[in-house]
Amino acid sequence: MPFARRPLSPVRRRAAQALAVTGAAALLLTGCGSSGSSSADSSTAASPAAGATGGGSGGSGDGGKRTVKDATGKAVDVPAEPKRIVTLTQEDLDAVLALGVKPVGITNGQGLAEPPAYLKDKVQGVPVIGNLLQPVMDKVIAAKPDLILAGDMQDEQVLKQLREITPATLVTMAPADDWKLAFRGIGNAVNKLDQANKVIGDYEAKAAKAGGELTENKGAAVSIVRWNPTGPSWMEKKQFAGGVALDMGLTRPAAQDKDGNAHSPALSLEKLNEIDGDWLFLSTLTDDGKSALKDVQSKPAYQELNAVKNNHAVTVDGSVWSTRGGPLAADVVIGDLAKALGGN
């Protein structure tokens, strides 16, 4: 199932390195059409793209079209001002909502049969066209999209079908892309790169401020864990929620101080000490995961964790903390961390 792909396991992450070299930075390479204003002119787009890939700006446009390169490096003509956007992942959805764009079709959240709870009030009335990266083609057709944001879709057959609905179908992120880079790429794809840069700047200022306002917990080591039916997995420090913690000046326990955005294999009870920290943030994505977490909470190995003994174990929303995320999810993580750590 596609849910198991996100975030990457260490093996899948290594396999994705070649694709990640180009990544979402390719989405920052663009040319502008003759109609509509462009917030992603060549001077703006070239700088971040060059920093990530060594490239510059490129492409061409005409008749209200812009040419962008998607996260695989494929050149795609997109509307200069898209009006009917369909998103296939919650990261794409989070991104366009953060940019003030309401899509016309969305997918359910990761591991969910509905949109993510933190976005639900923002997508009232928007048709659900399938599950994460599993669009129902008839429903996509009914949405009449002029732009499809396809996340890290790797199924070429599905992409072929989507491009028959509209050629303006973009793979918006490589499997190992940083969420901020992916967000900027999506911002460029919808002709709102300047706005995307401002959103990121505002987020970074808010994260730094929230981290600076912590008292005894300033710089605390936070353990970030998703509980699976087979056991817990801790997230590497550049995985989405881990990156937010770093932006707040927090640290990670020694066992979790690993670069990357993947997660560990599910741990046995004998290795449960790897999830300990000054604070422990626990999330689940499925009912089976919730049941497994509930079962282990009565066991000595769990109760002996320092974070548990100190009443520093906090349950958080897995659809926010265990995914790649976007600006709106990052805001939730900042709030969760500040609430838990700010009063101690």
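Between the side chain of Asn188 and the backbone N or O of Leu193, no donor-acceptor pair lies under 3.5 Å. Arg324 contributes no side-chain N or O that, together with a main-chain N or O of Asn261, makes up a donor-acceptor pair within less than 3.5 Å. A donor-acceptor pair under 3.5 Å is formed between the side chain of Ser298 and the backbone N or O of Asp295. The main-chain N or O of Ala262 is found under 3.5 Å from a side-chain atom of Glu236 such that the two form a donor-acceptor pair. Checking side-chain atoms of Asp94 against main-chain N and O of Ala329 turns up a donor-acceptor pair under 3.5 Å. Judged purely by atom type and a 3.5 angstrom limit, Asn191 uses its side chain to pair as donor or acceptor with the backbone of Ala80. Between the side chain of Arg252 and the backbone N or O of Val222 there is at least one donor-acceptor pair closer than 3.5 Å. Put simply, the side chain of Asp146 gets close to the backbone of Arg84: a donor and an acceptor are under 3.5 Å apart. Under a 3.5 Å cut-off, the side chain of Gln90 and the backbone N or O of Pro116 do not form any donor-acceptor pair. A donor-acceptor pair under 3.5 Å is absent between the side-chain atoms of Gln239 and the main chain of Trp234, judged by distance alone.
Of the candidates Thr72, Val78, Ile186, Val78 is the only one forming a side-chain contact (heavy atoms from CB on, under 4.5 Å) with Leu170. Applying the side-chain contact (heavy atoms from CB on, under 4.5 Å) test between Thr169 and each of Leu149, Val158, Ile148 identifies Ile148 as the sole match.
Judged purely by distance below 3.5 Å, without hydrogens or angles, the side chains of Ser233 and Asn228 pair a donor atom with an acceptor atom. Of the N and O atoms on the side chains of Asn131 and Thr107, not one donor lies less than 3.5 Å from an acceptor on the other residue. Inspection of the Ser223 and Gln256 side chains reveals an N or O donor paired with an N or O acceptor under 3.5 Å.
Nearest heavy-atom pair across Pro253 and Ala221 is N-CB, 3.9 Å. Between Val296 and Tyr302, the shortest heavy-atom contact is O-CB, 3.2 Å. For the residue pair Asp336 and Trp321, the shortest heavy atom distance occurs at OD2-NE1, 2.9 Å. Across all their heavy atoms, Ala143 and Val86 have their closest contact at CB-CG2, 3.9 Å.
Side chains of Leu93 and Leu328 form no contact here, defined as non-hydrogen atoms less than 4.5 Å apart. You'll find the side chain of Val171 stays beyond 4.5 Å of the side chain of Lys74, heavy atoms only. Using a 4.5 Å heavy-atom cutoff, the side chains of Val332 and Asp317 are not in contact. Between Ile275 and Trp227 the shortest side-chain heavy-atom distance falls below 4.5 Å. Looking at Pro145 and Ile85, their side chains never come closer than 4.5 Å, going by heavy atoms from C-beta outward. Within the 4.5 Å cutoff, the side chain of Leu97 has heavy atoms near those of the Pro103 side chain. Here the side chains of Leu162 and Leu88 are in contact, with some heavy-atom distance below 4.5 Å. Using a 4.5 Å cut-off on side-chain heavy atoms (C-beta onward), Glu91 and Thr323 make contact.
Counting heavy-atom neighbours within 6.0 Å of Asp121 CG, excluding the residue itself, gives a total above 12. Lys309 NZ: more than 12 foreign heavy atoms inside a 6.0 Å radius.
Salt-bridge annotation for Lys237 and Asp259: present, with a side-chain N of the basic residue lying under 4.0 Å from a carboxylate O of the acidic one. Taking a cutoff of 4.0 Å between a charged side-chain nitrogen and a carboxylate oxygen, Lys160 and Glu156 do not qualify as a salt bridge. Salt-bridge formation is detected for the pair Lys198/Asp202: a Lys NZ or Arg NE/NH1/NH2 atom is positioned less than 4.0 Å from an Asp or Glu carboxylate oxygen.
Qualifying side-chain hydrogen bond (donor to acceptor under 3.5 Å, both in side chains) partners for Gln297, counting only residues two or more places apart in sequence or in other chains: none. Residues passing the side-chain contact (heavy atoms from CB on, under 4.5 Å) test with Ser268, sequence neighbours excluded: Glu270, Lys271. Remark: Ala220 pairs with Asn217, Leu250, Asp278, Trp279, Leu341 by the side-chain contact (heavy atoms from CB on, under 4.5 Å) rule, at least two apart or across chains.
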Audit row: Thr286, Asp288, side-chain hydrogen bond (donor to acceptor under 3.5 Å, both in side chains) steps and yes/no: CA-CA 5 Å; Thr286 65; Asp288 287 345; 5.3 Å; no
message: Run Glu164 and Met137 through side-chain contact (heavy atoms from CB on, under 4.5 Å) and show every step you take.
response: CA-CA 10 Å; Glu164 288 172 353; Met137 294 302 165; over 6 Å; no
- request: Give the intermediate values and the outcome of salt bridge (Lys or Arg N to Asp or Glu O under 4.0 Å) for residues Lys238 and Asp178.
  value: CA-CA 8 Å; Lys238 291 183 180 177; Asp178 170 82; over 6 Å; no
message: Does Ile165 form a side-chain contact (heavy atoms from CB on, under 4.5 Å) with Gln161? I'd like the steps, not just the answer.
response: CA-CA 7 Å; Ile165 297 171; Gln161 291 177 287; 5.8 Å; no
